[in-house]
Structures are given as C-alpha cells and as structure tokens.
There are 2 protein chains.
Amino acid sequence: MTNGKKEQNTQEFPDLLRENGLKVTSQRLRVLEEITHKNAAISQPDLEKIVGKDIDRVTLYRILSSFEEKGIVHKIFDLNGTATYAMCTSNCTENHHHDQHIHFICSVCNSVFCLDEVSLPKITLPPHFALHSLAINAVGLCANCQKED
Amino acid sequence: MTNGKKEQNTQEFPDLLRENGLKVTSQRLRVLEEITHKNAAISQPDLEKIVGKDIDRVTLYRILSSFEEKGIVHKIFDLNGTATYAMCTSNCTENHHHDQHIHFICSVCNSVFCLDEVSLPKITLPPHFALHSLAINAVGLCANCQKED
DNA sequence: TTAAGTGCAAAATCTTTGCAAATGT
DNA sequence: ACATTTGCAAAGATTTTGCACTTAA
C-alpha cells in the first residue's frame, strides 16, 4: 500500500513542476510536500488546516486544480463527498489521468489509501455502455482503526 | 439496467413512507416520484431545478437526508463530487445500506445508472485492511451519448 | 522584463440551524 | 391535540472571480 508517490524525494519536486510547465514557487513545493507526506490521500480541508497559515485558501484551490489538470495529482471523493488528493503514479498527462487503482477508504478515520498493487477486476457491462475507466472504492477498516476496536 | 426502483408504482409510496416512520406529505411523495421517474440517479441540483418551485430548498435537503437515513434512497457522488440519489432496491435499513451494485457514470452527460444485474467482483486487499463494502463506479459513455458521437 | 502566480476582498454557491406556522395522524 | 414537517430568515461553509501586487524565469 502506498500513497501513490513516485518514489520521489523532495529534490525532484522542482523538476516535476517544470516538466509540467508550472513555475516553481514555495507554495507549490509546500503543497507537494504535504501531499506526499502522509501514507494516504489528504483532504482539501486537512491540507487547508496544515498550510493555511502560510498559503491563502484561494491559492490552495488554484494550486490543487492546476496539479490535477496537469496530471500531477488525482482527486478522489471520500465517503462524505470531500475532495482528497494523492500523487499520480505515472502516465498521467494533462486532462488524461490513469489513476487506475483501487482506493481504500476507512469508514472510521475516513483516510483514503491508493492500492496500486491490487489488480483491477474485469467488469462486464450491459450492452450500450462503453467503459472508459473504473473507479473502485473499497470501504472498510484500515490497519490503524482495527487496532482500536 | 435499472434505476434501482423496487418495481413500485406511485401507489406504494405512502406505504413506503409509513413503513419507515415518516409522515406522508405531498413534498415527500413528489420527491419520490422524481427520483423514480428517471432511468438514472438524479442529482440534488437537478432535483432542485425540477421541484424548486414547489418545495423549499431546505426542505429538499431534509427530505433527502431522511430518505437516506431510513434506507429509502442511496447517495452516489458523480464525477464532480455532486450528490446524486437513487432508490434502494432492497434490504436497506436505517443506517445500513446494501447498495452493493456497480454504478455507471457517463462522462458526457454525467448521468448515474445503477447496474443491479452486474455482479460484484472479488477483491483481495492487502493485509490489515478489512473490507466492508465496495463502491464501484464505471465511467464511460452511456447509450444515449454514444449515438451522438 | 514580463508572464505567471499569489493574496486580499468580495461575490456566488452550497449547506446547516432556529423558530414560528402549517400539516398529518 | 400533538408531534412532525415545512418554509422562511439567517448564519455558516465552500468555491469562484476580479484585480493589484509580487515573484520566478
């Protein structure tokens, strides 16, 4: 189980931004750090709490949507419909995401984990439905919350 | 492909409400009609447009959340994170939903379909994850939007 | 130097809360 | 008659927009 991060250390963030035609700013680096910091996807509200002292709320919105647009991060909605963000693993390009992995959402702590190593099932749809991608959310108890039962 | 409705005609709505300890009001009947009317789940904003003249926005919020709480409808988030609602098929009780079917979300018209007849795949999670339920969203083109390509 | 990015103010939405009036049983 | 439900007003939260100032390249 990973956070989907590309085994990339902090050093690589400026390159990541440049590759995507984005200027390297302290705010963007900070957001990248926070997103990769946790073992799970991070919600917009949580991000806001963490960086809110340093980064304007509006700027955060704009940074996150530009990251998503460029394929740097992907956006998952948790059980409450709250947007959460995780790094894209690979192959994600502008307006074309390949976040084809299962997400695990803990029903207790609401954490979102990207399960890159679990393979996607084959789904057969009824006639006249053309499948482009699958978004699978497995809901249950994460390791941490099981302990506390 | 169905809307998840229990083959129930309009006549049965009052019973459905009574069974769930809810009073039969014209507003609630109206919302039930609209939710079962379409072949797909309906979003809160769309519902609001349709019934907005007759039902207060706040009342709509309260009706939808009471329906969800009682297990009359279930809530799915579409690709934009917008709440959409569809009838529960069966076995849904207060605070315990069994909407264990795949949802198909059209990336063009954003419609959400409940695919009751598609069986759920088996997913094997990494150690220390306890699975409770699967929420699978298949994204692609629905029959209508394929025609218009 | 200059195009892109940021912060602040303000607008536009979306969602919740409190309470008096209306309604179903 | 009485508990629920509704509508309205208002508060609170979230998200977007416009614009002047700042910053990276």
Side-chain angles (χ1 to χ4, degrees), chain A residues 10-35 42-70 72-73 75-85 94 110, chain B residues 10-35 42-70 72-73 75-85 94 110:
Chain A
T10 299
Q11 290 294 350
E12 292 167 346
F13 290 156
D15 283 344
L16 180 62
L17 292 173
R18 275 187 285 262
E19 283 163 20
N20 285 285
L22 298 175
K23 288 190 176 173
V24 180
T25 69
S26 63
Q27 292 89 335
R28 284 176 175 155
L29 292 174
R30 181 73 195 289
V31 171
L32 286 175
E33 273 168 32
E34 295 302 339
I35 291 180
I42 187 166
S43 71
Q44 165 121 358
D46 283 355
L47 257 177
E48 211 169 294
K49 276 171 217 140
I50 296 172
V51 304
K53 277 210 155 186
D54 309 317
I55 306 179
D56 187 79
R57 175 199 286 264
V58 175
T59 302
L60 182 56
Y61 273 103
R62 292 194 265 227
I63 287 177
L64 290 172
S65 58
S66 71
F67 283 4
E68 203 205 352
E69 204 171 64
K70 298 296 187 181
I72 296 174
V73 302
K75 189 192 213 172
I76 314 118
F77 295 102
D78 71 11
L79 298 177
N80 305 311
T82 303
T84 71
Y85 295 88
E94 189 154 356
N110 211 13
Chain B
T10 300
Q11 289 293 351
E12 291 167 346
F13 290 156
D15 284 344
L16 180 61
L17 291 174
R18 276 186 284 261
E19 281 163 21
N20 285 284
L22 298 174
K23 288 190 177 173
V24 180
T25 68
S26 63
Q27 292 91 335
R28 284 177 175 153
L29 292 174
R30 181 73 194 289
V31 171
L32 286 175
E33 273 168 32
E34 295 302 340
I35 292 180
I42 187 166
S43 71
Q44 165 122 357
D46 283 355
L47 257 177
E48 211 169 293
K49 276 171 218 140
I50 295 172
V51 305
K53 278 209 155 187
D54 310 316
I55 306 179
D56 186 80
R57 175 199 288 264
V58 174
T59 303
L60 182 56
Y61 274 103
R62 292 194 267 226
I63 287 178
L64 290 172
S65 58
S66 71
F67 282 3
E68 202 205 353
E69 204 172 63
K70 298 297 187 180
I72 296 174
V73 302
K75 189 192 212 172
I76 315 118
F77 295 102
D78 71 12
L79 299 177
N80 306 312
T82 304
T84 71
Y85 294 88
E94 189 154 357
N110 211 16

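The figures here come from the full heavy-atom set of this structure, side chains too, leaving out hydrogens, waters and symmetry mates. Residue numbers begin at 1 in each chain, while the letters A, B, ... track the order of the sequences.
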[atom1] of [X] versus [atom2] of [N]: gap in Å, rounded?
| X | N | atom1 | atom2 | result |
| --- | --- | --- | --- | --- |
| B:Leu29 | D:dT5 | CG | P | 13 Å |
| A:Phe13 | D:dA24 | CZ | C1' | 19 Å |
| A:Glu69 | C:dG5 | CD | C1' | 14 Å |
| A:Glu19 | D:dA25 | CD | C1' | 17 Å |
| A:Arg18 | D:dA24 | CZ | C1' | 10 Å |
| A:Leu60 | D:dA13 | CG | P | 18 Å |
| B:Asn80 | C:dT13 | CG | C1' | 15 Å |
| A:Phe77 | D:dT15 | CZ | C1' | 13 Å |

- prompt: Distance from A:Leu32 atom CG to A:Tyr85 atom OH, nearest 0.5 Å?
  reply: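 Reported value, rounded in 0.5 Å steps: 13.5 Å.
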
message: Using side chain to side chain contact (heavy atoms under 4.5 Å, CB included), reason through A:Val24 and A:Arg18 one step at a time and then give a plain yes or no.
response: CA-CA 7 Å; A:Val24 180; A:Arg18 275 187 285 262; 3.7 Å; yes

For the side chain of [X], starting at C-beta, report the closest nucleotide among [options].
| X | options | answer |
| --- | --- | --- |
| B:Arg28 | C:dT25, D:dA25, D:dT5 | D:dT5 |
| B:Lys23 | D:dT6, C:dG24, C:dT6 | C:dG24 |
| A:Val24 | D:dA25, C:dG5, D:dG7 | D:dA25 |
| B:Tyr61 | C:dG7, C:dT15, D:dA24 | C:dT15 |

- request: Could you pull out all residues at least two apart from B:Lys53 that satisfy salt bridge (Lys or Arg N to Asp or Glu O under 4.0 Å)?
  value: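 With neighbours one apart ignored, the set is empty.
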
field: Shortest non-hydrogen contact from A:Glu34 toward A:Ile42
entry: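 Taking A:Glu34 first and A:Ile42 second, the nearest heavy atoms are O-CD1, 4.4 Å.
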
- prompt: Quick one: is B:Gln27 getting a side-chain N or O under 4.0 Å of the D:dG7 phosphate, OP1 or OP2?
  reply: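 Checking B:Gln27 against D:dG7: at least one side-chain N or O falls below 4.0 Å of OP1 or OP2.
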
- request: Using a cut-off of strictly less than 4.0 Å, decide whether A:Thr25 has a side-chain nitrogen or oxygen near OP1 or OP2 of C:dA4.
  value: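 Looking at the OP1 and OP2 atoms of C:dA4, neither is under 4.0 Å from any side-chain N or O of A:Thr25.
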
task: Could you pick out which residue, A:Val58 or B:Ile63, lies toward the 5' side of DNA chain D when each is mapped onto its nearest nucleotide?
output: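 Closer to the 5' end of DNA chain D: B:Ile63.
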
- prompt: Which residue lies toward the 5' end of DNA chain C, B:Arg62 or A:Leu22, if each is placed at its nearest nucleotide?
  reply: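 Nearer the 5' end of the strand: A:Leu22.
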
- request: Apply the side-chain contact (heavy atoms from CB on, under 4.5 Å) test between A:Val31 and each candidate in A:Ile50, A:Ile55, A:Thr59, A:Thr25; give the one that qualifies.
  value: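 That would be A:Ile55; it is the only one of A:Ile50, A:Ile55, A:Thr59, A:Thr25 passing the side-chain contact (heavy atoms from CB on, under 4.5 Å) with A:Val31.
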
query: Which part of the nucleic acid, if any, lies within reach of B:Thr59 when heavy atoms closer than 4.0 Å are counted: base, sugar-phosphate only, or nothing?
result: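 Base, at least one base atom sits under 4.0 Å.
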
